[in-house]
Amino acid sequence: QSTPQNNISTQDSIPVTKPLDTLPGTEKTSDSIPVNKVLDTLPGVEQRADSVKTPVNISATDTIKERKSEPIVLEKNKKYLLGGISVVGNETISEQSILIFSGLNSGQRLKIPGDKLSSAIKRLWSSKLFSNVDVFVTKMDGDAVYLEIVVRELDKVGTLTITGLKKSKIEDLKKEIEFQAGSMLTENLITTTENFIKEKYREKGYLKTKVTINTKKDTSFPNTQNALIAIDKGKKIKIKNIRFYGNTALSDKKLKKTLKKTKEKGITRLFSPSKFVEDLYDEDLEKVVSLFQEKGFRDALIVKDSLSWNDDNTINLDIFLTQGERYKFGQIDFLGNTVFTDEQLQTILRIDKGVTYNGKALNERVYGDGTPDSRDITNTYLDNGYLFSRVNAVETSAANNTIDLEIRIIEDEPASIRKVTIKGNDVTNDHVLYREVRTKPGDLFSKSDIVRSIRELGQLGFIDPENIVPDVQPNFADKTADIEYSVSEKGSSQIELQGGYGGGTFVGTLGLSFNNFSIKNIFNLDEYKPVPRGDGQNIALRLQISKFYRTYSISFSEPWMGGKKPKGFNFSIYNSSQFGYDPFTNSVDKDQLLDIIGASVGLSQRLKWPDDFFTLSTSLNYQRYKLQNYNISSFDFDNGISNNFNFAVNFGRSSAGPNPVFPSGGSQFNVLLKVTPPYSLFDDKDYTDLPDEEKYKWIEFYKVVFTGKWYSPVVGKMVLMSNAELGFLGDYNDEIGAPPFERFYVGGDGLQQGRFDGRTTIALRGYPNSSLSSQTGGTIYQKVGFELRYPITLKPSASIYALTFLEGGNSWNEFDEYRPFTLKRSAGGGIRVFMPAFGLLGVDFGYGFDTIPGSNNISGWQTHFIIGQQF
Amino acid sequence: CGEYQKVLNKGKNTEKYQMAVAMYEKKEYKKAITLFEKIMGPYANKPQMERIQYMISDCYFQTENYTMASYYFSKFITNYPESTKAQEAAYLSARSYYLASPVYSRDQEDTYKALTAYQDFIDKYPNSEMIEEANKDYAALNRKLQFKDFEVARLYYHTENYKAAIQAFETFNEDHLGSEFKEETYYYSFKSAYALGMNSVITKKEERLNDAIRSYKKFQKSFPESDRMKELNGSYAKLEQELMKTKELFTTISQNN
């Protein structure tokens with residue numbers, strides 16, 4: 001294979017060389033330009049680079065004079081042969097490059113003056129490397145002309161110094177501005193940099209920022225100037241007074257409140273400091289006008305606003321307005337509607353004759369308020385296929401301060417969807433995304449289907465919900481529309497490394513979770529980037545270790561088993577070993593062992609009935625407990641094997657949302673039923689006198705757990721979460737009773753400590769962990785709670801909310817003991833932080849009002865740390 | 001190797017340049033890339049840049065980093081359209097996009113870029129000896145795009161969205177005239193219409209059964225010799241039978257009223 005070095009150095013592709021080569025001694029001026037030198041050294045590339053550095057001694061003005069003395073007459077519209085081009089005045093940029101920039105080649109034919117020549121000059125200018133570009137004809141030889149390009153290179157910025165700011169701010173600013181070491185020093189650069197810095201500080205309220213940019217020739221490098229940017233941001237300018245004139249219907253106080261970003265200074269102003277930013281001020285003024293319009297003053301106008309300075313470097317804003325007359329809504333007629341009746345449209349418009357005119361409400365209900373869930377006439381048509389419909393509200397009369405309206409509707413034909421495409425899926429395979437999209441070819445166009453598709457794609461976990469952009473391409477001719485969704489994928493694999501304090505010892509967790517796995521490609525090495533991805537499957541490996549127990553688990557799930565319907569399949573196996581542990585001496589006895597092996601296979605599906613928020617999941621589970629010198633207080637045997645084979649059905653409905661971290665509406669409830677086969681009904685054994693190891697060889701029980709949560713907005717952003725739970729563990733055979741497994745343990749933070757015995761731990765703040773159940777656990781539990789939540793921030797990067805709670809719960813050993821109204825109560829408050837990388841973290845302080853069983857003292861204050869779970 | 005590190009960290013630009021070329025010639029492409037990347041800035045306006053850009057493009061191509069290779073090759077042909085290497089670069093740029101183009105079921109941006117690049121190459125160098133290769137790749141890329149659309153349509157069939165499937169197959173044939181998948185689209189279109197008709201609610205059944213029969217006739221007319229005719233004839237008989245039953249049922253209902 002021949003390398004390009006050979007090819008390029010022997011080729012003739014560099015245009016100027018050839019004609020010059022073949023020409024006999026050219027005239028004087030070209031001799032003085034080191035073109036020939038370049039030619040000589042062409043084969044050796046390095047030398048050529050040196051030759052470029054050779055300074056040119058001719059200044060542009062000299063050559064111009066010389067040129068003028070030679071009379072060259074050019075004919076218009078004649079195409080000359082370009083005999084050769086030379087370059088003068090270049091210092092750091094090579095002649096070759098300039099010729100390439102110009103696009104001129106010797107040997108070509110061109111008019112002088114002409115298009116090609118002027119575009120060559122334009123290109124050189126647009127390279128932003130030169131402060132001046134001239135082209136001269138140096139010689140004519142019959143048909144051939146020789147050109148000379150005279151350039152003056154722009155100076156570059158050498159070193160850049162910024163003064164007047166803190167060191168860290170200077171570093172930040174250096175990254176933001178275009179003014180960089182090495183940039184070409186144009187007038188434009190200086191002006192834009194000055195303006196950029198001024199604007200930047202003006203936005204922060206420094207209205208009197210001064211920026212001066214000085215440059216100085218750097219003698220050690222050619223064409224280089226060192227720059228000094230001196231910034232004097234001055235004092236932060238605050239607003240002393242905001243004064244309104246001409247408002248009678250609305251108070252000054254109300255209007256000042258409307259200026260969201262422009263505030264008078266004050267001691268209490270902690271979160272929105274007083275500052276003046278012109279753009280924000282203009283936006284605020286528009287808000288004032290629209291406030292008047294909402295109150296019926298349709299013609300309200302800001303006549304004038306002025307800014308004046310006070311002696312103490314503060315400013316006053318004076319706003320003069322006319323509010324005009326107050327208007328009412330008059331007759332409203334709908335025209336052109338055939339699909340919806342006047343009554344139906346009126347229920348959307350919700351504006352009655354005689355009420356105060358409200359321009360904002362009218363706009364929002366006719367054209368939409370910009371949110372995806374907007375309820376307005378335009379969107380109603382769009383949701384029902386009428387993509388080509390147009391809705392217009394027209395004022396027909398304004399007599400007697402009463403506005404008569406016509407809502408003119410052109411319905412057109414409904415549009416159907418022709419084609420749906422998705423782009424941007426560099427990892428995920430088409431079928432994983434297309435199956436979630438609700439807009440299907442052949443369906444009527446529906447805006448709400450698009451909104452729902454976006455939501456469902458976003459919920460997949462590996463598509464960035466903020467960056468799903470639908471593009472609707474309507475086709476008026478055949479009343480169809482093509483829809484293209486652009487998506488962008490986000491990292492979905494998680495490595496979880498957790499440490500926590502639970503059960504009196506440190507618990508470490510290592511988890512690997514791959515959220516968009518492709519099991520099909522597990523043997524395809526090309527797909528390992530770093531793991532095979534793209535089929536929307538989930539695989540998770542987990543390892544949890546504490547001083548006295550170890551759990552390993554692996555699980556896999558496929559949301560669309562068989563790819564036909566959204567029926568999820570999941571599978572998991574795990575092993576957990578637990579050693580004897582004495583919490584008082586903190587010592588571990590490895591001779592005592594409880595070893596559990598488990599596996600489970602499950603199916604889950606979204607239901608269409610009663611509504612599509614319901615899910616049904618079923619699973620088959622098996623656990624094998626092996627005890628070796630291991631004492632569990634609830635049963636008599638220390639050595640033996642116990643098997644728990646059960647079938648579980650979980651029926652749930654979740655409409656909580658829209659934000660999964662901080663739901664502000666909807667509800668969530670679940671009914672879990674878990675049953676084992678009733679072995680004792682089929683064998684004729686007499687269980688009364690059998691030892692525990694025989695009794696529990698194949699354990700039998702049924703378990704029912706109900707949990708419900710309701711979210712309701714209270715005031716503003718505050719949300720009330722109400723919660724109720726009830727669980728019962730029953731037996732088939734009184735001689736055996738409820739097994740020591742699968743029991744309920746109430747109290748504390750509710751963190752699951754290993755998968756010891758299928759137990760359900762129920763959080764109840766204000767009490768120590770599991771303290772409200774007997775040591776062997778309860779067979780019935782009940783809990784009710786109320787939690788008021790207030791969001792501090794709900795940014796996708798981190799959501800934070802504060803909460804206070806009031807709750808009560810208890811557990812009982814037998815059904816006979818069950819007293820639904822003797823609950824252990826507690827109250828308290830806390831905070832939650834959700835970050836996608838860490839999950840949910842939080843701390844709660846709870847006060848337990850009641851006594852802990854086995855003690856006479858009330859529980860009092862308890863602190864709970866919350867990792868990765870909700871209450 | 002020590003020499004390489006020394007030049008990389010402390011060498012002058014000219015040394016780095018020479019070393020990069022040497023590495024390139026020794027087929028040490030990764031090392032050459034590191035050096036080339038370092039000198040791209042300083043050599044920005046120098047005549048050596050032409051060679052540098054070509055060599056770095058080729059380095060990326062040789063190391064199978066086709067995304068970068070395609071980027072640099074296309075940059076090269078824009079910057080140096082007159083270079084003697086321009087034709088080769090034009091081909092390699094297209095070829096890089098071709099090799100970077102992923103499996104049909106993922107985003108096809110690179111496929112579209114490859115098609116444009118091949119088209120440019122074929123237009124500009126119709127007599128190149130690579131024309132045959134280029135045409136072959138071009139056809140393969142086209143087929144990939146068709147297959148993508150076909151698979152999406154078939155997904156609608158597979159997920160029992162039969163109405164969507166019928167529309168998608170129809171759109172497919174509008175968008176890809178004379179496609180090699182035509183028979184299959186007709187086949188699945190019929191299967192969708194059949195399933196839609198047979199499982200239809202009674203009020204729409206007759207209309208949908210008739211649609212399915214039309215779909216059958218369309219297939220029969222276009223592909224009478226197809227191996228699938230036997231299966232389709234069987235389905236057709238069932239459709240006629242079902243249509244008869246439906247009509248009878250309707251008569252009974254209307255008589256009872």
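Bear in mind that the values here come from a model prediction, so they are computed numbers and not experimental data. Naming: A, B, ... by sequence-line order, numbering from 1 per chain.
Contact annotation for B/Glu160: only side-chain heavy atoms (C-beta onward) come within less than 4.5 Å of a heavy atom of chain A. Proximity to chain B is absent for every atom of A/Val432, based on heavy atoms less than 4.5 angstrom apart. Proximity to chain B (any heavy atom under 4.5 Å) is restricted, for A/Ile417, to the backbone atoms N, CA, C and O. Interface residue A/Glu527: only side-chain heavy atoms are found under 4.5 Å from chain B. Residue contact with chain A, scored on non-hydrogen atoms closer than 4.5 Å, is absent for B/Phe172. B/Glu151 does not touch chain A: none of its heavy atoms, backbone or side chain, sits under 4.5 Å away. At a 4.5 Å heavy-atom cutoff, the contact between B/Asp175 and chain A is made by side-chain atoms alone. Interface remark: A/Lys565 contributes side-chain atoms only to the contact with chain B (heavy atom separation under 4.5 Å).
Ring pair B/Tyr125/B/Phe121: centre-to-centre distance below 6.0 Å. B/Tyr97 has its ring centre no less than 6.0 Å from the ring centre of B/Tyr66.
Highest contact tally toward chain A, considering only B/Asp107, B/Val103, B/Asp110, B/Leu155, is held by B/Asp107 [criterion: heavy-atom pairs under 4.5 Å]. Chosen from A/Ser416, A/Gly563, A/Gly534, the residue pairing most often with chain B at heavy-atom distances under 4.5 Å is A/Gly563. Ranked by heavy-atom pairs under 4.5 Å with chain A, the list B/Thr159, B/Asn79, B/Asp149 is led by B/Thr159. Ranked by non-hydrogen atom pairs under 4.5 Å with chain A, the options B/Gln167, B/Glu170, B/Arg106 are led by B/Arg106. Contacts with chain B were tallied for A/Val427, A/Val487, A/Leu433; A/Val427 has the most, counting heavy-atom pairs under 4.5 Å.
A donor-acceptor contact closer than 3.5 angstrom is absent between the side chains of A/Thr439 and A/Asp449.
Atom NZ of B/Lys12 has 12 or fewer heavy atoms from other residues, nucleotides or ligands within 6.0 Å.
What you find for B/Thr14 and B/Tyr43 is that their closest heavy atoms are CA-OH, 3.6 Å. Contact record, B/Leu141 with B/Ser101: CD2-OG, 4.1 Å, taken as the closest heavy-atom pair.
Ring geometry for B/Phe169 against B/Tyr188 counts as parallel: the plane angle stays under 30°, on a 0 to 90° scale with 60° as the upper cut. Ring geometry, B/Phe73 versus B/Tyr54: the interplanar angle exceeds 60°, so the pair is classed perpendicular (tilted spans 30 to 60°).
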Legend entry - Test side chain to side chain contact (heavy atoms under 4.5 Å, CB included) applied to B/Tyr4 and B/Met23, step by step: CA-CA 9 Å; B/Tyr4 165 77; B/Met23 285 296 170; 3.7 Å; yes

